[in-house]
Amino acid sequence: MRKELNGKTRTCGLLGNPVEHTLSPLIHNSLAEMKDINMVYVPFLVDIPEIATAVKGAYALNLLGMNATVPFKSDVIPYLMEVDELASDIGAVNTLVRTDGGYKGYNTDMSGLYRAMQSENIILEQADIIILGAGGAARAVAYMCANYGAEHITILNRTLPKAQAIATEINESMKKKGRWVEDCMEAMPLHAYTELPDRRYIVIQSTSVGLHPHIDDVVIEDKKFYEKVSIGFDLIYKPAETKFMKLVKEAGGEAYNGLKMLLYQGVIAFELWNDVKVTEEEAMMVYAKLEEAVRV
Ligand code: ATR
C-alpha cells in the first residue's frame, strides 16, 4: 500500500495539452509504491502560451521533475538550465530533472526505445536499419540509431524531401561529431522499397499508420518487403499487434510494439528523478499494468 502523502512528499508531473489520456501517472505512482519512495506524479494541463510560466512555476514550487508531452517537447527547451546531448540533437525534451538553478532536459523517449530494444535483445550497433516515416518521431528515432552505433540507416517516406532533410541533417551531425566518416544515412521514397538491397533489416515503423482505430492500415502492404525484415519494431502500442507487426511475423520475422518504449521512457525518467535503479522485475510489474490499461 502507498504511504500517506505528508510533508516530505515530492511531486513530479506531466506538462501537456491534452493530458487526460496519459499513462504516465500509472507508471510513476506504481514505481513509487513499489520502491517505497515518497513521490507523487500528477498531470498538469498547461495553456499553450503559459509554458514558460509553467516551467518556472514548477521549479519555484520545488517540483522534483516533470515530463513534457505534446505540444511542449520543443517549447520547454528555452526554459531549461541544460539539455542532454541526445535531446539537444533531436530538439525535443520529454523529461525535466531538477538541478541547482533549474531543470536539465533529457529525451527518455529515445533512450527508452533503446532500452526497450535491449530488453528484447535487439542489437542496434552495426545494424542495417530501415526507418518508415519522416515526421518528428522518425527524426528522433534516426538520431537515436545514429547515436547508438547503427551501421547504415535508410529512411523511407511518402514525401521524399522530408526524409532527405533528415538524412542530410544526421549525416552532417554525425560527421561533425566524428562518429561517421562518410554518409551512413540515405533517403528513399516509400515506393522504392522494391529497390532495397537484399539484406535482413531491423525496421522501425515510425508513422502513425495503423494506429487505433485504423487497425487494418499499413504503410507497405507488399509481402515481398517483409521477406527482408528480420525484426520489425512498431512505435504504436494500440492495437497491441498492428498490421505491420502481423506482416512481419507472417514473413518469419520478430515483431514488437511500442509499449515497452512507453514503459522505459517512464522508468528512465523515474530513475533520473530519484537517483535509483529500477530492476527488470519491477519494470515488468509496471509493464503488466500498462498492458491492462491499454487493453481497455
Ligand atoms: P509524428 O510527429 O508523430 O512523427 P507526423 O510528423 O505527422 O507525426 O508524421 C507522420 C508520418 O507518417 C509522416 O512520415 C507521414 O508521411 P508524409 O511525410 O508523407 O506525410 C507518415 N504518414 C501518415 N499517413 C501516411 C500514409 N497514409 N501513408 C504513408 N505515410 C503516411
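For ligands, and for the atoms within them, numbers begin at 1 and follow the listed sequence. In what follows, residues are counted from 1 in the order of the sequence shown.
Of the N and O atoms on the side chains of Tyr143 and Glu169, at least one donor lies less than 3.5 Å from an acceptor on the other residue. No hydrogens or angles considered: a donor-acceptor pair under 3.5 Å links the side chains of Asn38 and Asn6. Judged purely by distance below 3.5 Å, without hydrogens or angles, the side chains of Gln205 and Thr207 pair a donor atom with an acceptor atom. For the residue pair Glu282 / Thr279, a side-chain donor-acceptor distance below 3.5 Å is found, with atom types taken as modelled.
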How far apart are the C-alpha atoms of Asn67 and Tyr41, what are their side-chain angles, what is the distance that settles it, and do they pass the side-chain hydrogen bond (donor to acceptor under 3.5 Å, both in side chains) test?
CA-CA 10 Å; Asn67 282 137; Tyr41 184 102; 2.7 Å; yes

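Think of Val203 as one node in a network of Ile, Leu, Val, Met, Phe, Trp and Tyr side chains linked at under 4.5 Å; its network also takes in Ile130, Leu132, Leu156, Met188, Leu190, Tyr193, Leu196, Tyr201, Val209, Val218, Val219, Ile220, Phe225, Tyr226, Val229, Phe244, Met245, Leu247, Val248.
Contacts of ligand 1 (protein heavy-atom distance under 4.0 Å) are Gly133, Ala134, Gly135, Gly136, Ala137, Asn157, Arg158, Thr159, Lys162, Leu190, Thr207, Ser208, Val209, Val219.
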